[in-house]
Participant: 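Quick one: the structure is below, and I'll ask about it shortly.
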Amino acid sequence: MAEKKTKKTIEAPVNLRDISICDATIQMLDKAKRDGVETAFDRAATMKACPIGADSACCKHCSMGPCRLNAKDPYGKVGVCGATIDTIMARNFARMVASGAAAHTDHGMGMLDLFREVVNGHAPEYSIKDVQKLEQVASSVGIEVEGRTPEDIAKELYSELERTYTQVEGEIPFASRVPEKTLEIWRKNDMVPRGAMREIMELMHRTHMGVDQHYENINRQCSRTALSDGWGGSMVATEISDILFGTPKPVAVEVNMGVLKEDHVNIIVHGHEPNMFESMLVSVNEPTLIQAAKDAGAKGINLAGMCCSGAEMMSRHGVPHAGNFMSTEAVIVTGAVDAMVVDVQCIKQGLAKVAECYGTRLFTTNYRCHIEGAEHVQFNETRPSECTDEMVIKAISRFKSRNKPIEIPKMRNMGIHGFSHEYINYMLGGSFRGSYTPLNDNIINGRIRGVAGVVGCTNPRVKHDWVHVEMVKELIRNDVLVVQTGCSQISLAKAGLLTPEAAHLAGPGLSEVCETVGMPPVLGLGSCVDNSRILIACAEMVKTGGLGESISDLPVAGAAPEWMSEKAISIGHYFVSSGVYTVFGVTFPIVDNTKFKKLLFEELEDNYDLGKWGFAADPYEMAKLMIEHIDKKRKALGIDKARERVMMDFADRQKLEA
Ligand code: NFS
Ligand code: SF4
């Protein structure tokens, strides 16, 4: 594999245990080192992040620059055009939001395109799988469902949801789901999104050289754009995917590299849009293809996911999951991956080199994402199996010609995934009357101190998985119920926290609730676009009553402890703009002692009645900040004393409700 490359010294200076707590990843990084193969971990170790860029103290928006300011003396200098540090940071931040929001909304629009094709009968291999969800979503945006056919409802829903993207004026459809008072706050601040296309376009315009040069005004548009992602594009992606592919219900699934099977043709799908993955699931179950795999000497075809579409397929269909973002190169090092199939987002270009070293076939499938050195097989929704069948056939041929030693780490971690907000409703409320009342009651009586959304990426600049795991353990130990999505969910699944048995790691109140209901203290909700499920859960908590009038009143907090992508910034900003205190780890693109930092970290809460940003690199500090915020909100609600009180037993309460 790497004979040619062994001469190259990889400065992997560190003990592998210092860069990850994922045993499978460590084992594969060790093998990569022996094989002379480089990964993002090596590159992160040898390439220092630019300190000026890390502080967001530079601007390259025109050719009078690039201009570099001094973070140590932020007001000592301005750009050639006169732009201040606050303008420069606000513009940079806003463009991260614009790009992240564009990724989510383009994904959502892709799902909506498929929905339209299905409704019009042009995508016969797909259908509407969840009619109940279709009716729920339609009702939530004011569409009459009584006595109408699913097709009829779906047509109207399509044109209504298209406004999420294209509408020039007026509020997006899912504004109807926002708690009254939160919506009022947005209206007062001019932050209710119109169509995402318009918001992103306007944000790009306003951050062009010489346009919006007041950091506070830039932030208004930045919030509005982020909200067009959370309550717009991402929410449409989740809801339409549920309608087309089914709403997740709890399912036991195995996670980690041990899900690969040496004697099978192994196919990994890594990416974000479930449409291609759904078709791949059909292809690998196609009898003729299974026979072809057997004819090639394999016992069968083994399909696993990675990253976000992997998280969705795991939740909806129990497809095993091989690992998160920082394991995508490492998994190829096993030599057991016959094909890695990718679509869009978080696909490291470095995969192409690693795949070449081990003879893994790397396929791109989306016209938006080609990679030099990868093979492109264009996916088409009107005949999806053509593409996925072809890749299976090619994976089988790679299996036949395997000629390198294979080493599969043995680690496999069983966990329960697939907690949609609908299911949380049902699980806590009982089968006959789904309701968030028991959740709110348990928060009010103090068994559950609050709820934390822990989400986002993994990042080689910090110890892989470790920040997620330590922070979440600290939260549940303090009776904070944790909901998760994306790569973070996989970190905790590998640490065994997505099992009901993990309740023993929780504080007495939370563990009691978990034991009564039979749920894990950490609930996995799916992919990053499924963060919209957390928004809906927050809205439900407000509407259920007893915890204030707006999302900013709730004893909740959010975190992305190992974030790396612009999408994470967009997510963070839509949570903040929705009223949630949100703490990021790793690094934060901002200069201390500046007005823009004060705006994000204090004034959005104090002056705008929204949430605010927080930062801490240390997981325990992060948890502490979140818990302090939750306690502050409990106090404001007058339920801070309730934690000491002995209240009615949860089971009694459930009986009472039923
Ligand atoms: Ni979210 Fe998913 Fe993972 Fe981060 Fe990337 S896969 S969309 S961005 S790295 S959590
Ligand atoms: Fe420099 Fe201003 Fe041009 Fe930015 S827009 S590169 S600060 S001159």
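Ligands are counted one by one from 1 in listed order, and the atoms in each one are counted from 1 as well. Given the structure is predicted, the values throughout are model-derived calculations rather than measurements. The first residue in the sequence is number 1, and the count goes up from there.
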Participant: Take atom CG of N593 as the centre, draw a 6.0 Å sphere, and report whether it contains more than 12 heavy atoms from other residues, nucleotides or ligands.
Facilitator: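 Incorrect, the count does not exceed 12.
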
Participant: Closest non-hydrogen protein atom to atom 3 (Fe) of ligand 2, residue and atom name please, with distance?
Facilitator: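 Minimum-distance protein heavy atom for atom 3 (Fe) of ligand 2 reads C62 SG, 2.3 Å.
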
Participant: Would a distance-only check, ignoring hydrogens and angles, find a side-chain to backbone donor-acceptor pair under 3.5 Å from S570 to A568?
Facilitator: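 It does not hold such a pair.
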
Participant: Honestly, is K249 close enough over F419, meaning NZ or CZ under 6.0 Å from the six-membered ring centre and within 45° of the axis?
Facilitator: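 Judged by the rule (NZ or CZ under 6.0 Å from the ring centre, within 45° of its axis), K249 is not positioned above F419.
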
Participant: What atoms of ligand 2 come closer than 4.0 angstrom to any heavy atom of C59?
Facilitator: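 Taking each heavy atom of C59 in turn, ligand 2 has 4 (Fe), 5 (S), 6 (S), 7 (S) under 4.0 Å.
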
Participant: Minimum heavy-atom separation for F325 and C346, please, with both atom names.
Facilitator: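 Of all heavy-atom pairs spanning F325 and C346, the closest is CE1-O, 3.4 Å.
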
Participant: Going by atom type alone, with no hydrogens or angles, which donor-acceptor pairs under 3.5 Å involve a side-chain atom of residues 486-498 and a protein atom two or more places apart or on another chain?
Facilitator:
| residue | atom | partner | partner atom | Å |
| --- | --- | --- | --- | --- |
| S488 | OG | H468 | ND1 | 2.9 |
| S488 | OG | Q484 | NE2 | 2.7 |
| Q489 | OE1 | L525 | N | 3.2 |
| Q489 | OE1 | G526 | N | 3.0 |
| Q489 | NE2 | H417 | ND1 | 2.9 |
| S491 | OG | N324 | ND2 | 3.1 |
| S491 | OG | D465 | OD1 | 2.6 |
| S491 | OG | C487 | O | 3.3 |
| K494 | NZ | D465 | OD2 | 2.7 |

Participant: Whether D212 and R91 form a salt bridge (side-chain N of Lys/Arg under 4.0 Å from carboxylate O of Asp/Glu) is what I want to check.
Facilitator: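 Result for this pair is no, no salt bridge flagged.
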
Participant: Given that the side chain starts at C-beta and the backbone is N, CA, C, O, which of these parts of Q213 lies under 4.0 Å from ligand 2, counting heavy atoms, or is it both or neither?
Facilitator: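 Q213 to ligand 2: no contact under 4.0 Å from either part.
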
Participant: What is the nearest protein non-hydrogen atom to atom 5 (S) of ligand 2, stated with its residue, atom name and distance?
Facilitator: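 Of every protein heavy atom, M209 CG, 3.5 Å lies nearest to atom 5 (S) of ligand 2.
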
Participant: Which atoms of ligand 1 are found less than 4.0 Å from any heavy atom of M564?
Facilitator: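 Once the distances to M564 are compared, the set is 9 (S).
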
Participant: What atoms of ligand 2 come closer than 4.0 angstrom to any heavy atom of G65?
Facilitator: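 Per the distance check, 6 (S).
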
Participant: For distances below 2.8 Å, what is the count of protein N, O or S atoms around atom 3 (Fe) of ligand 1?
Facilitator: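 Considering protein N, O and S only, atom 3 (Fe) of ligand 1 has 1 within range.
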
Participant: Which residue supplies the protein heavy atom nearest to atom 1 (Fe) of ligand 2, what is that atom called, and how far is it?
Facilitator: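 Residue, atom and distance for the closest contact: C67 SG, 2.2 Å.
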
Participant: Parallel, tilted or perpendicular: which fits the ring planes of H376 and H370, with parallel below 30° and perpendicular above 60°?
Facilitator: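 The rings of H376 and H370 lie parallel, inter-plane angle below 30°.
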
Participant: Once the angle between the rings of W613 and H573 is folded into 0 to 90°, is it parallel (under 30°), tilted (30 to 60°) or perpendicular (over 60°)?
Facilitator: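 Correct class here is parallel.
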
Participant: For R91, take its heavy atoms, then give the atoms of ligand 2 lying under 4.0 Å from any of them.
Facilitator: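 Going through ligand 2 atom by atom, the ones under 4.0 Å from R91 are 4 (Fe), 5 (S).
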
Participant: Would you mind listing which atoms of ligand 2 come within a distance below 4.0 Å of any non-hydrogen atom of C81?
Facilitator: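 Counting from 1, the qualifying ligand atoms are 2 (Fe), 5 (S), 7 (S), 8 (S).
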
Participant: Could you check, using the six-membered ring where one of them is a Trp, whether W563 and F584 have ring centers closer than 6.0 angstrom?
Facilitator: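 Yes: the rings meet the under 6.0 Å criterion.
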
Participant: Salt bridge between E372 and K353, side-chain N to carboxylate O under 4.0 Å?
Facilitator: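 No, no charged N to carboxylate O under 4.0 Å.
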
Participant: Any salt bridge linking D242 with R533? Criterion: basic side-chain nitrogen under 4.0 Å from a carboxylate oxygen.
Facilitator: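 The answer is yes: the pair qualifies as a salt bridge.
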
Participant: Which residue owns the protein heavy atom closest to atom 6 (S) of ligand 1, what's the atom, and how far is it?
Facilitator: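 For atom 6 (S) of ligand 1, the nearest protein heavy atom comes out as H272 NE2, 3.2 Å.
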
